[in-house]
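Reviewing the structure listed below.
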Amino acid sequence: MQKVNIVCVGKIKEEFYRSAVSEYLKRLSRFAKVEIKEIAEDSLEAEAKDILRAVRGYKIALCIEGKKLSSEGLAKEVRALCDKGEEMTFVIGSSTGLSETVKEVADLKLSFSDMTFPHQLMRVILLEQVYRAFMINSGSAYHK
């Protein structure tokens with residue numbers, strides 16, 4: 001089974017975000033084993049050390065200056081990693097972003113938008129898009 005990791009800074013406090021995360025984790029369970037690792041908020045340098053200890057496989061850093069992909073484009077990236085049997089780790093920074101150290105080790109810097117999103121909401125958006133990628137790759141009508 002495909003392994004997908006999400007390393008994120010901070011905890012989700014709001015129940016509605018936790019419920020959405022839980023729903024997408026349940027949906028994704030038919031395609032992948034998803035593990036979420038929460039890193040304590042700290043200075044960017046301290047967060048970077050914890051993040052770098054937690055990342056495995058192909059590293060995808062979510063940052064505003066990253067590459068923008070369509071849902072189909074992300075599905076293609078996910079399919080290529082799955083075809084190679086490669087574990088993937090998505091990294092979501094705190095409200096202060098990600099350190100340059102983390103961005104430098106990333107195999108892919110990915111931007112979901114030029115807009116800024118709360119990092120708790122970004123976790124939900126990321127999980128939905130990863131789920132959508134697996135659904136696109138399975139030929140499901142979910143994406144339509």
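Every value quoted in this text rests on a predicted model; they were computed, and no experiment measured them. We count residues from 1, following the sequence as given.
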Rounded to the nearest 0.5 angstrom, the NZ-CD distance for K49 and E47 is 12.5 Å
Would you kindly confirm whether L44 and L52 end up in one hydrophobic cluster when ILVMFWY residues are joined by side chain heavy atoms under 4.5 Å apart? no
For residues 98-106, dump all side-chain donor-acceptor pairs below 3.5 Å to protein atoms at least two apart in sequence or in another chain.
unit_1, atom_1, unit_2, atom_2, d
S99, OG, T101, N, 3.3
S99, OG, V102, N, 3.3
E100, OE2, K103, NZ, 3.4
K103, NZ, E65, OE2, 2.7

Among the clusters formed by ILVMFWY side chains lying less than 4.5 Å apart, do I92 and L108 turn up in the same one? yes
Among residues at least two apart in sequence or on other chains, which ones pass salt bridge (Lys or Arg N to Asp or Glu O under 4.0 Å) with R79? none
Identified side-chain contact (heavy atoms from CB on, under 4.5 Å) counterpart of I6 within the set I60, V21, L126: L126
Among pairs that include at least one residue of residues 105-119, which meet side-chain hydrogen bond (donor to acceptor under 3.5 Å, both in side chains), considering only residues two or more places apart or in two chains? K68-D114
For K76, check salt bridge (Lys or Arg N to Asp or Glu O under 4.0 Å) against everything at least two apart and list the hits. none
Nearest-0.5 Å distance, CD of residue E14 to CG of residue L121: 10.0 Å
Let's go through V91 and L62 carefully: what are the C-alpha distance in whole Å and the side-chain angles of both, what is the deciding distance for side chain to side chain contact (heavy atoms under 4.5 Å, CB included) to 0.1 Å, and is it a yes or a no? CA-CA 6 Å; V91 181; L62 275 57; over 6 Å; no
Side-chain heavy atoms of S29 within contact of V34, under 4.5 Å: no
Partner set under side chain to side chain contact (heavy atoms under 4.5 Å, CB included) for Q2, not counting sequence neighbours: V4, A32, C82, M88, F134
Same apolar cluster (I L V M F W Y, side chains within < 4.5 Å links), L28/Y17: yes
For E23, give me all partners under salt bridge (Lys or Arg N to Asp or Glu O under 4.0 Å), at least two apart in sequence or on another chain. K26, R27
Under 3.5 Å donor-acceptor, S138 side chain and M135 backbone: yes
So, using side chain to side chain contact (heavy atoms under 4.5 Å, CB included) as the criterion, who are the partners of N5 when residues are at least two apart? K3, E35, R56, E87, T89
Compare every heavy atom of I12 with every heavy atom of E38, then report the nearest pair and how far apart it is. OE2-N, 4.0 Å
Does Q129 have any side chain to side chain contact (heavy atoms under 4.5 Å, CB included) partners at least two apart in sequence or in another chain, and if so, which? S71, L74, F112, R132
Using the ring pair (Phe, Tyr, Trp, His ring centres under 6.0 Å) criterion, which residues pair with Y131? Sequence neighbours excluded. Y142
What are the two closest non-hydrogen atoms of A40 and V9, and how far apart are they? O-CG1, 4.1 Å
Looking only at atom types and distance, does a side-chain atom of S22 sit under 3.5 Å from a main-chain N or O of R18, one as donor and one as acceptor? no
Test of understanding: with side chain to side chain contact (heavy atoms under 4.5 Å, CB included), list the residues that count as partners of K37, not counting sequence neighbours. V7, I39, A54
Which residues pass the side chain to side chain donor-acceptor pair (under 3.5 Å) test with T96, sequence neighbours left out? S94
With the 4.5 Å side-chain cut-off for hydrophobic clustering, are L25 and M122 part of the same group? yes
Side-chain heavy atoms under 4.5 angstrom apart, residues restricted to Ile, Leu, Val, Met, Phe, Trp, Tyr: same cluster for Y24 and L110? yes
From CA spacing to verdict: side chain to side chain contact (heavy atoms under 4.5 Å, CB included), M1, R30: CA-CA 9 Å; M1 180 164 277; R30 69 187 253 215; over 6 Å; no
The criterion is salt bridge (Lys or Arg N to Asp or Glu O under 4.0 Å); which residues satisfy it with E77, sequence neighbours excluded? none
Specify the closest pair of heavy atoms between A20 and V124, including all atoms of both residues, with the distance to one decimal. CB-CG1, 3.7 Å
